[in-house]
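If you're wondering where the values come from, they're calculated on a predicted model, not measured in any experiment. Computation of the quantities below employed the complete heavy-atom set of this structure, encompassing side-chain atoms and omitting hydrogens, waters and symmetry-equivalent molecules.
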Amino acid sequence: MADLKERLLPSKPASALNLRDSSYRPSASGRLPFQGVDVSGLKKRGQGLRSWIRVDVSGNSQVIEVDKFTMMRRCDLPARDLRLLDPLFVYPSTILGREKAIVVNLEQIRCIITADEVLLLNSLDSYVLQYVVELQRRLQAAGVGEVWQSEGHEVHRRRGSRNFDNMFANSSPDYLPFEFRALEVALEAACTFLDSQAAELEIEAYPLLDELTSKISTLNLERVRRLKSRLVALTRRVQKVRDEIEQLMDDDGDMAEMYLTEKKRRMESSFYGEQSLIGYRSNDGALSVSAPVSPISSPPDNRRLDKSLSIARSRHESVRSSSEDATENIEELEMLLEAYFVVIDSTLNKLTSLKEYIDDTEDFINIQLDNVRNQLIQFELLLTTATFVVAIFGVVAGVFGMNFAIPMFDNPGAFKWVLIITGVCGAIIFATFLWFFKYRRLMPL
């Protein structure tokens with residue numbers, strides 16, 4: 001991985017260091033260099049250069065430095081599409097099909113895919129480097145497979161073996177053009193990254209939630225709160241990727257726009273057709289100038305015009321029919337998107353199950369807290385009843401403590417009978433309250 005970083009990262013030019021040291025050094029005349037020049041404008045224009053990793057069809061990679069406007073002209077993209085790839089801005093996951101490129105913004109993978117190359121923002125992120133390595137490996141493996149298949153096909157064709165010929169003709173039904181291979185690696189990287197984060201969240205969540213159910217504490221509640229925040233953020237990202245893939249699958253026109261190799265082939269055939277038409281006209285004109293004019297052999301101008309119009313009309317109809325066929329024959333891309341839609345939908349189901357488990361744990365904790373609260377209320381009710389019964393003794397003591405004389409004070413056993421009668425009355429009152437609580441189902445007795 002370190003060798004790959006050193007190979008992909010651009011080396012700092014020595015001219016930049018020399019310029020930094022000598023840009024503000026006075027010259028022999030005493031004037032500062034770049035005097036009268038808008039240096040701030042040059043600095044702003046210099047900051048527009050960005051480092052990109054370019055991977056071609058053969059799997060070869062190189063680092064290039066291109067500014068935004070050059071990239072717009074190179075890929076025929078508007079400025080708003082390049083803003084989606086800007087790492088300074090946070091945009092949701094997006095897959096856009098344009099005339100000559102596919103703009104992909106999936107998690108850490110931000111790239112532009114054309115029919116001939118993949119332009120990826122240079123980054124030190126490990127997932128970006130893994131994407132480059134995996135794309136190179138698949139492109140090189142696909143190139144070796146195509147060479148082996150073409151050689152085997154030619155050998156068996158020369159031998160006249162029809163069965164082997166059919167076998168080699170049907171040996172690669174899953175052939176994908178270059179842009180779909182790059183898109184597949186990007187989708188796989190994004191889905192794998194999100195699925196790994198979901199798996200890590202699951203491993204961390206379930207033991208923590210089980211610990212919370214057994215011991216409710218402030219520390220465990222805070223950890224669960226942070227876990228739920230991460231879960232909500234990850235669910236939103238997975239949902240956005242899923243919605244983007246589903247939106248592409250529902251729109252046949254957008255999927256047809258992503259067949260860049262087919263569109264490039266049609267444009268090249270149209271260009272060659274125009275060149276042949278121009279050559280036909282030039283040859284016809286040369287013959288008409290050099291050859292003697294004959295009313296029998298040379299066609300009139302109307303026939304030449306009709307012939308050129310018929311050629312142009314047939315070429316236009318062929319381009320239109322091929323575009324209609326591309327709109328209809330989108331099974332390859334649809335199957336590719338459907339496969340990764342199933343993967344990302346499975347990840348979303350994992351996160352949904354985890355969220356439901358967290359909600360169930362919260363409900364269980366709330367039930368436990370309500371139960372404890374009810375027990376405290378019942379205990380408080382019992383204490384209040386006992387306090388009322390004890391207060392009866394205070395009332396009796398207050399009555400007999402008044403300063404007046406009665407014959408009961410002269411009887412030695414009167415104090416004992418007062419205590420017995422007061423205690424029996426208090427017990428009867430307490431039992432009455434308990435029966436009332438049980439009758440009204442205020443507490444289980």
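- Of the listed residues (Thr352, Thr235, Asp195), just one forms a side chain to side chain donor-acceptor pair (under 3.5 Å) with Thr347, and that residue is Asp195.
- Within a 6.0 Å sphere centred on NZ of Lys100, heavy atoms belonging to other residues, nucleotides or ligands number 12 at most.
- One distance of note links CG of Asp76 with CE of Met71; it measures 13.0 Å at 0.5 Å rounding.
- Residues Leu187 and Ile245 have side chains in contact (heavy-atom distance under 4.5 Å, counting atoms from C-beta outward).
- Atom NZ of Lys355 is surrounded by 12 or fewer heavy atoms from other residues, nucleotides or ligands within 6.0 Å.
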Side chain to side chain contact (heavy atoms under 4.5 Å, CB included) between Met255 and Asp251, worked out: CA-CA 7 Å; Met255 286 193 289; Asp251 196 339; over 6 Å; no
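- Side-chain contact check for Glu65 versus Trp52: every heavy-atom pair is 4.5 Å or farther apart.
- The pair Lys240-Asp243 fails the salt-bridge criterion, with no side-chain N (NZ, NE, NH1 or NH2) lying under 4.0 Å from an Asp/Glu carboxylate O.
- Ile113 CD1 to Phe180 CZ: the interatomic distance, rounded to the nearest 0.5 Å, is 10.0 Å.
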Intermediate values then yes/no, side chain to side chain contact (heavy atoms under 4.5 Å, CB included), Asp360 and Phe364: CA-CA 6 Å; Asp360 294 340; Phe364 179 73; over 6 Å; no
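- Between Arg181 and Glu184 there is no salt bridge, since none of the side-chain N atoms of the basic residue sits less than 4.0 Å from a carboxylate O of the acidic one.
- Counting heavy atoms from C-beta on, the side chains of Pro177 and Glu332 come closer than 4.5 Å.
- Heavy atoms from other residues, nucleotides or ligands lying under 6.0 Å from CD of Glu380 number 12 at most.
- When side chains are defined from C-beta on, Leu120 does not count as touching Val55, because their heavy atoms never get closer than 4.5 Å.
- Scanning for side chain to side chain contact (heavy atoms under 4.5 Å, CB included) contacts around Ile216 gives Leu221, Ile365, Gln368, Leu369, with sequence neighbours left out.
- By the 6.0 Å contact criterion, CZ on Phe69 is open, its count of non-hydrogen atoms from other residues, nucleotides or ligands being 12 or less.
- Using a distance-only test at 3.5 Å, with no hydrogens or angles considered, a donor-acceptor pair links the side chain of Glu179 to the main chain of Thr261.
- Inter-residue side-chain proximity for Thr385 and Phe437 is flagged as met; some heavy-atom pair is nearer than 4.5 Å.
- Using a cutoff of 4.0 Å between basic side-chain nitrogens and carboxylate oxygens, Asp86 and Arg50 are scored as salt-bridged.
- Looking only at distances, no side-chain donor or acceptor of Glu117 sits under 3.5 Å from a matching main-chain atom of Arg54.
- Taking Thr192 as the reference, Glu188 meet the side chain to side chain contact (heavy atoms under 4.5 Å, CB included) condition, with sequence neighbours excluded.
- A distance of 5.0 Å separates CD of Gln239 from CG of Leu348, quoted to the nearest 0.5 Å.
- For the atom pair Thr114 OG1 and Arg98 CZ, the distance stands at 15.5 Å (nearest 0.5 Å).
- Between Leu333 and Leu183 there is a side-chain heavy-atom pair separated by less than 4.5 Å.
- With hydrogens and angles ignored, the 3.5 Å screen pairs no side-chain donor or acceptor of Asn371 with any backbone N or O of Ile367.
- Pairing each heavy atom of Phe178 with each of Asp116, the nearest pair is CE2-C, 3.7 Å.
- More than 12 heavy atoms of other residues, nucleotides or ligands sit less than 6.0 Å from atom OH of Tyr206.
- Looking at Ser346, its side chain never comes within 3.5 Å of a backbone N or O of Val342 through a donor-acceptor pair.
- Within 6.0 Å of the OH atom in Tyr91, the count of heavy atoms belonging to other residues, nucleotides or ligands exceeds 12.
- Nearest heavy-atom pair across Met72 and Pro78 is CE-C, 4.3 Å.
- Across all non-hydrogen atoms, the minimal contact from Leu354 to Leu231 is CD2-CD1, 3.9 Å.
- Once rounded to the nearest 0.5 Å, the distance linking CG of Leu248 with CD of Glu334 reads 11.0 Å.
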Leu82 vs Ile112, side chain to side chain contact (heavy atoms under 4.5 Å, CB included): CA-CA, chis, key distance, verdict: CA-CA 9 Å; Leu82 290 181; Ile112 301 173; 3.6 Å; yes
Test side chain to side chain contact (heavy atoms under 4.5 Å, CB included) applied to Val185 and Val118, step by step: CA-CA 11 Å; Val185 178; Val118 176; over 6 Å; no
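- Distance alone, capped at 3.5 Å, is enough to place a donor-acceptor pair between the Asn220 side chain and the Lys215 backbone.
- For the residue pair Val57 and Ala115, the shortest heavy atom distance occurs at CG2-O, 4.2 Å.
- Taken to the nearest 0.5 Å, the SG atom of Cys111 stands 8.0 Å off from the CG atom of Leu106.
- Counting heavy atoms from C-beta on, the side chains of Arg73 and Thr70 come closer than 4.5 Å.
- Taking every heavy atom of both residues into account, Lys263 and Glu99 meet most closely at NZ-O, 2.8 Å.
- Listed here is the closest heavy atom pair of Ile330 and Tyr259: CA-OH, 3.2 Å.
- Tyr127 places none of its side-chain heavy atoms less than 4.5 Å from the side chain of Glu107.
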